[in-house]
Protein chains: 2
Amino acid sequence: MTRRSPTLNEVARLAGVSPSAVSRTFTVGASVADKTRAKVLQAAELIGYRPNLLARSLSRQRSGTVGIAVTRLENSFNSLLLEELATALQRVGLGCRLIVTGDRDAVDVRIEEVLQHQIDVLVLCAVNLSSRIEEECAAIGVPVVMVNRITPGVGRSARAIAIVGSNEEGGRVVADHLAEAGHRSFAFIAGSADASNSREREAGFIAGLAKSGLPAPIVETGHYTFNGAMDATRTILNTVNRPDALFCANDHMALAAITVAQTEFGLSVGKDISIVGFDDSPAARFGAGLTSFSQPASLMAEEAARNIIALLGGNRTEDGLFVVPGSLKIRGSSRPANP
Amino acid sequence: MTRRSPTLNEVARLAGVSPSAVSRTFTVGASVADKTRAKVLQAAELIGYRPNLLARSLSRQRSGTVGIAVTRLENSFNSLLLEELATALQRVGLGCRLIVTGDRDAVDVRIEEVLQHQIDVLVLCAVNLSSRIEEECAAIGVPVVMVNRITPGVGRSARAIAIVGSNEEGGRVVADHLAEAGHRSFAFIAGSADASNSREREAGFIAGLAKSGLPAPIVETGHYTFNGAMDATRTILNTVNRPDALFCANDHMALAAITVAQTEFGLSVGKDISIVGFDDSPAARFGAGLTSFSQPASLMAEEAARNIIALLGGNRTEDGLFVVPGSLKIRGSSRPANP
DNA sequence: GTGAAAGCGCTAACAT
DNA sequence: ATGTTAGCGCTTTCAC
């Protein structure tokens, strides 16, 4: 153990000024005479003063910290999103408290905990928010920002906003791509039944296929996990009329599908079967590559940060829903358009 | 905006007890009469009281929060480690503040910031700590826990400990595996020159090869990044006497190596060339699979959490260095032992 | 521009 | 077991 850290008062005494003068010196945009500031800084430097941000937060009634909740980090796109989010927030001077909810875990308990730490904003990264928590946040006035997922609450209150990808469009684009490549029989692996993004991607996919006069896909659910998607893939590939084109609600599941197709069914992915994902996650680059409709993580993070500072500034956000654009990245896992 | 949150004092007034009684009710292991507790809880429930953990931290001089620094999350093993770490800490009632340092970023500035938030412990996850920060933490009495990396400071002070994998052993085991498979010409892709884990893995690898009378590997540096490892791989595969066995300091770089070998050199990985990584990261399962020496992330996280509570309890830890075991996971990317 | 003083919400002796 | 009383370290009116 070591000596207690030096405090603002000690600096004040040493510099021969009042505590307020010290406080002002460490507050951006406060008015302090250059001479005073110099004295203060010198004294602070001398005794190794470091402002106590806890005390500041308590006093200011604002912590400058946002809570970020993620279900898990198995999916590399979620990790990327988290990294970008944290970076973007750091850049604007906000800190982040991380909370990992786990899949079926007591999400509410965890969130409750982070709420007690007086976070200024709650960011849900691919988390399905229970409505109880949603109301709770509304009640205490903590804005909620959802990334890559929405709940019915979004838009209703100006304190609950969402940043999402072009889900429906992506589904349609994938359908077009597979149709042009000459596929005639399809499958879709959904994330979870109640996830908005999965449902929208599926809807777009089905609509796209219908537009080309193609049949609706077989649908299985992969629960957004690797193992879940492996199972779903097995079911699909064991179908009597095995589909030769598979669209997965995200890349993570598509990678599982590729793994099963290759190792368990001996299929040549991109030739015998086309597999397409969604996200354009970092892992989509691996090996021959995974064709995927992109979601620009850094853009989503920027957008989130922008909205968060607006929210903190008390500005009502213009709208509750922010859709970022994406595009199809064609790689080795899908058969290219008919030769 | 909403009304200010209810405070402990309001609860006290409403319940007709003193503030301390309320405080005790919300402090585990404090002595309160059942009747009092009941009154307090009822009053709290009534007005929707939620303890302000900021105020508590300030008063207790302990935040119950640990800072976790990561360089980036591109590497899925690091993400896994972060997830496990956060989960393990949550389980023992500690919160985490995340800080993303980026590669060459102003690490010190970021750490300084998190320090000001009165974190109780600093966890460095695959981060190379500058010695300045290391001294800083020692000076203010904040213990430092390094995961998957060590600095010379470890062990010297009982407040700087490290949890690492079996690096040297892993390198030797990989050498044996490749030797048995009949390889005779080797390459190694290092992480960065100053990373302890990379150096140890390399040393073990070279020692292992030597033991079998095999030549030392060509060595290139991949800087722990995907792109860096792609470049290193190109250099290696363009060598006149192209090696047919490649060991990479971690899985993330091995995946890059596989990508280049397959797509740019048309090699069949696991047949024309064996590629082995280190970590047994989640991505090692993808496709035909990556042979890798494992580092058990959940075990490392548990160990870290265990040590952290010990450090917070003021117990000197027995030793500064904790080595967790690993084993070779053989998958499709390496040629199995000679038929 | 500067200082005095009253908090921010909670905890921890200490006394009862 | 409960209440009283000082703080924890900083910010912020409000006079000057």
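Throughout, protein chains are lettered first and strands after them, A, B, ... in sequence-line order, and every chain is numbered starting at 1. Model, not experiment: these values are computed from the prediction.
Near DNA chain C, meaning a heavy atom under 4.0 Å away, the residues from residues 12-20 of chain A are Val17(A), Ser18(A), Ser20(A). Within residues 24-37 of chain B, the residues approached by DNA chain C to less than 4.0 Å at the level of any non-hydrogen atom are Arg24(B), in residue-number order.
Between Ile68(A) and Leu98(B), the closest side-chain pair of non-hydrogen atoms is not below 4.5 Å. With contacts defined as side-chain heavy-atom distances shorter than 4.5 Å, the pair Leu115(B)/Cys137(B) qualifies. Using a 4.5 Å heavy-atom cutoff, the side chains of Tyr224(A) and Asn197(A) are in contact. Counting heavy atoms from C-beta on, the side chains of Glu84(B) and Met300(B) never come closer than 4.5 Å. Using a 4.5 Å heavy-atom threshold, the side chains of Leu8(A) and Phe26(A) count as separate. Looking at Arg91(A) and Thr87(A), their side chains come closer than 4.5 Å, going by heavy atoms from C-beta outward.
A salt bridge links Glu303(A) and Arg306(A); the closest N-O separation between the charged side-chain nitrogens and carboxylate oxygens is under 4.0 Å. Salt bridge Arg110(A)/Glu113(A): present, at least one basic N to carboxylate O contact under 4.0 Å.
Between Val323(A) and Gly165(A), the closest heavy-atom pair is CG1-O, 3.7 Å.
Here the C1' atom of nucleotide dT2(C) and the NZ atom of Lys39(A) are 10 Å apart, to the nearest Å.
Five base pairs at each end of the helix from dG1(C)-dC16(D) to dT16(C)-dA1(D) define two local axes, and these are offset by 30° (rounded to 10°).
When the shell of 6.0 Å around CD of Glu112(B) is examined, it contains more than 12 heavy atoms from other residues, nucleotides or ligands. Residue-environment remark: CG (Asp194(B)) exceeds the threshold of 12 foreign heavy atoms within 6.0 Å.
Bounding nucleotides for the chain A contact on DNA chain D, 5' to 3', at a heavy-atom distance below 4.0 Å, are dG9(D) to dT13(D).
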Mind listing the N/O atom pairs, protein and nucleotides 6-9 of chain C, below 3.5 Å?
{"residue": "dG7(C)", "atom": "N2", "partner": "Ser59(A)", "partner atom": "OG", "Å": "3.3"}
{"residue": "dC8(C)", "atom": "O3'", "partner": "Gln61(A)", "partner atom": "OE1", "Å": "3.4"}
{"residue": "dG9(C)", "atom": "OP1", "partner": "Arg4(B)", "partner atom": "NE", "Å": "3.1"}

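Panel note: side chain Ser79(A), backbone Leu73(A); a donor-acceptor pair is recorded below 3.5 Å. Side chain of Ser59(B) to backbone of Ala55(B): no donor-acceptor contact under 3.5 angstrom is found. Side chain of Ser23(B) to main chain of Pro19(B): no donor-acceptor pair is present (N/O by atom type, distance under 3.5 Å, no hydrogens or angles).
Take Ala69(B) and apply the side chain to side chain contact (heavy atoms under 4.5 Å, CB included) test, not counting sequence neighbours, and it matches Ile99(B), Thr101(B), Ile111(B), Leu124(B), Val127(B).
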